[in-house]
Amino acid sequence: MVIDENFVQKLGEDFLWNIVYDYVCKDLEKIKDTLIKNVGYVEIEDIKMLTSAEIQESDEFIINEYAYDSGTLTAKFEMPAIIIAESDNEEVCLRITTSCEGAIEIPDVDTYDWDSLNFADMMLPQILEYRYMVKVISISYEYIEADDLNA
């Protein structure tokens, strides 16, 4: 198996993007913490009320660099995104614009038959069945802004 730029970019677009998408939707506490520290014009009490997050739009997944060492593929990425976060009672609804940046790792990348895994033709639930293959090392929310959709 050849780990090269084309393989990594295709893997990013068809597989890793979806893994990060799912991770971000479940990373509400870190999103809230980042908002509290960086977005002074949104009330902290409103941010604390948020109970769900979903990516509304993300038009690219960029692998900035990657390394292959002893069977492990590590990639640094960025994923611009618009996230909708809201409270259970829908009293608070924020439209968050950010760049999700981080690192992801695939241990034992050589052991998988990537040719038989056609992620481009799979729906999100099918792709997520393979999330055990990936370890999210870190994600941060850079250049974060928020608009209150209920204002």
Side-chain angles (χ1 to χ4, degrees), residues 3-68 72-107 109 112 114 117-151:
I3 307 291
D4 63 9
E5 181 88 18
N6 289 333
F7 171 79
V8 174
Q9 291 300 332
K10 181 122 179 78
L11 192 65
E13 291 170 10
D14 297 339
F15 180 50
L16 299 178
W17 190 342
N18 292 287
I19 299 301
V20 171
Y21 172 99
D22 182 64
Y23 185 94
V24 168
C25 290
K26 295 174 181 170
D27 199 23
L28 183 61
E29 291 308 311
K30 188 163 185 182
I31 292 170
K32 288 168 36 174
D33 186 53
T34 304
L35 283 169
I36 288 169
K37 290 177 180 171
N38 296 289
V39 183
Y41 53 87
V42 176
E43 295 292 328
I44 291 176
E45 289 309 312
D46 287 348
I47 295 170
K48 289 180 178 179
M49 290 176 62
L50 298 173
T51 56
S52 66
E54 185 173 338
I55 294 178
Q56 180 184 38
E57 185 179 323
S58 175
D59 57 4
E60 62 184 330
F61 188 88
I62 303 158
I63 302 286
N64 292 320
E65 62 183 82
Y66 70 92
Y68 174 74
T72 298
L73 175 65
T74 305
K76 292 184 179 180
F77 66 87
E78 63 182 277
M79 181 181 83
I82 296 173
I83 302 167
I84 299 297
E86 60 188 352
S87 60
D88 279 338
N89 61 6
E90 297 180 6
E91 186 178 320
V92 180
C93 184
L94 300 180
R95 180 180 189 265
I96 302 163
T97 305
T98 189
S99 178
C100 308
E101 299 181 8
I104 201 160
E105 182 178 274
I106 303 176
V109 69
Y112 303 112
W114 296 103
L117 296 170
N118 190 358
F119 293 113
D121 291 338
M122 293 183 193
M123 301 300 290
L124 182 61
Q126 292 172 292
I127 293 170
L128 293 179
E129 290 176 14
Y130 295 94
R131 75 175 138 222
Y132 67 89
M133 297 163 50
V134 178
K135 178 182 177 187
V136 176
I137 297 171
S138 66
I139 291 187
S140 63
Y141 303 95
E142 304 297 327
Y143 318 107
I144 195 164
E145 297 179 4
D147 299 308
D148 186 345
L149 297 180
N150 290 340

Using side chain to side chain contact (heavy atoms under 4.5 Å, CB included) as the criterion, list what pairs up with Asn38, not counting sequence neighbours.
Thr34, Ile144
Evaluate the side-chain contact (heavy atoms from CB on, under 4.5 Å) criterion for residues Ile139 and Tyr23: first the C-alpha distance (whole Å), next the side-chain angles of each, then the deciding distance (0.1 Å), finally the verdict.
CA-CA 9 Å; Ile139 291 187; Tyr23 185 94; 3.3 Å; yes
Residues at least two apart in sequence or cross-chain that pass side chain to side chain contact (heavy atoms under 4.5 Å, CB included) with Asn89, listed by chain then number, are Met49, Ser87, Glu91
Between the SG atom in Cys100 and the NZ atom in Lys30, the distance rounded to the nearest 0.5 Å is 10.5 Å
Heavy-atom closest pair (Ile55 atom, Ala81 atom, distance to 0.1 Å) is CG2-CB, 4.3 Å
Between Val24 and Ile83, is the side-chain contact (heavy atoms from CB on, under 4.5 Å) condition met? List the steps.
CA-CA 9 Å; Val24 168; Ile83 302 167; 3.8 Å; yes
Looking only at non-hydrogen atoms, find the nearest pair between Met133 and Ile106 and report the distance.
O-CG2, 3.5 Å
Apply side-chain hydrogen bond (donor to acceptor under 3.5 Å, both in side chains) to Tyr141 and list each qualifying residue two or more places apart in sequence or on a separate chain.
Asp27
Sub-4.5 Å side-chain heavy-atom contact between Asp148 and Leu94
yes
Residues Cys25 and Glu54: closest non-hydrogen pair is SG-CA, 3.7 Å
For Asn64, give me all partners under side chain to side chain contact (heavy atoms under 4.5 Å, CB included), at least two apart in sequence or on another chain.
Ile62, Glu78
Thr98 to Glu142 - nearest heavy-atom pair and separation
OG1-O, 2.9 Å
So do Leu149 and Ile84 actually touch side chain to side chain, heavy atoms under 4.5 Å?
yes
Using 0.5 Å steps for rounding, measure from the CD atom of Gln56 to the CD1 atom of Ile82.
6.0 Å
Could you check whether any side-chain heavy atom of Thr97 comes within less than 4.5 Å of a side-chain heavy atom of Tyr143, counting everything from C-beta outward?
no
Arg95: what forms a salt bridge (Lys or Arg N to Asp or Glu O under 4.0 Å) with it, not counting sequence neighbours?
none
Other residues, nucleotides and ligands only: do more than 12 of their heavy atoms fall within 6.0 Å of NZ on Lys135?
no
So, do Tyr68 and Val109 sit near enough that their side-chain heavy atoms are less than 4.5 Å apart?
yes
What's the separation between atom CZ in Phe77 and atom CD1 in Ile104, rounded to the nearest 0.5 Å?
5.5 Å
N/O donor-acceptor pairs under 3.5 Å from side chains in residues 5-17, not counting sequence neighbours:
| residue | atom | partner | partner atom | Å |
| --- | --- | --- | --- | --- |
| Glu5 | OE2 | Gln9 | NE2 | 3.3 |
| Lys10 | NZ | Asp14 | OD2 | 2.5 |
| Trp17 | NE1 | Ser58 | OG | 3.4 |

Out of curiosity, Glu145 CD to Ile96 CD1, how far, rounded to the nearest 0.5 Å?
11.5 Å
Taking side-chain hydrogen bond (donor to acceptor under 3.5 Å, both in side chains) as the definition, give me every residue that meets it alongside Glu101, ordered by chain and number, with sequence neighbours left out.
Ser99
Ile31 CD1 to Glu29 CD distance, which is reported to the nearest 0.5 Å
9.5 Å
Ile36 CD1 to Ile47 CD1 distance, which is reported to the nearest 0.5 Å
5.5 Å
Tell me, which pairs form a side chain to side chain donor-acceptor pair (under 3.5 Å) where one or both residues lie in residues 39-48, sequence neighbours left out?
none
Among residues at least two apart in sequence or on other chains, which ones pass salt bridge (Lys or Arg N to Asp or Glu O under 4.0 Å) with Asp147?
none
Just to verify, what does Tyr21 make a side-chain hydrogen bond (donor to acceptor under 3.5 Å, both in side chains) with, not counting sequence neighbours?
none
Is there side-chain contact between Val42 and Leu35, with at least one heavy-atom pair below 4.5 Å?
no
Contacts of Asp59 that satisfy side-chain hydrogen bond (donor to acceptor under 3.5 Å, both in side chains) - sequence neighbours left out:
none
Side-chain donor-acceptor pairs under 3.5 Å in residues 121-132, sequence neighbours left out?
| residue | atom | partner | partner atom | Å |
| --- | --- | --- | --- | --- |
| Asp121 | OD2 | Asn118 | ND2 | 2.7 |
| Gln126 | OE1 | Met123 | N | 2.9 |
| Arg131 | NH1 | Asp22 | OD2 | 2.8 |

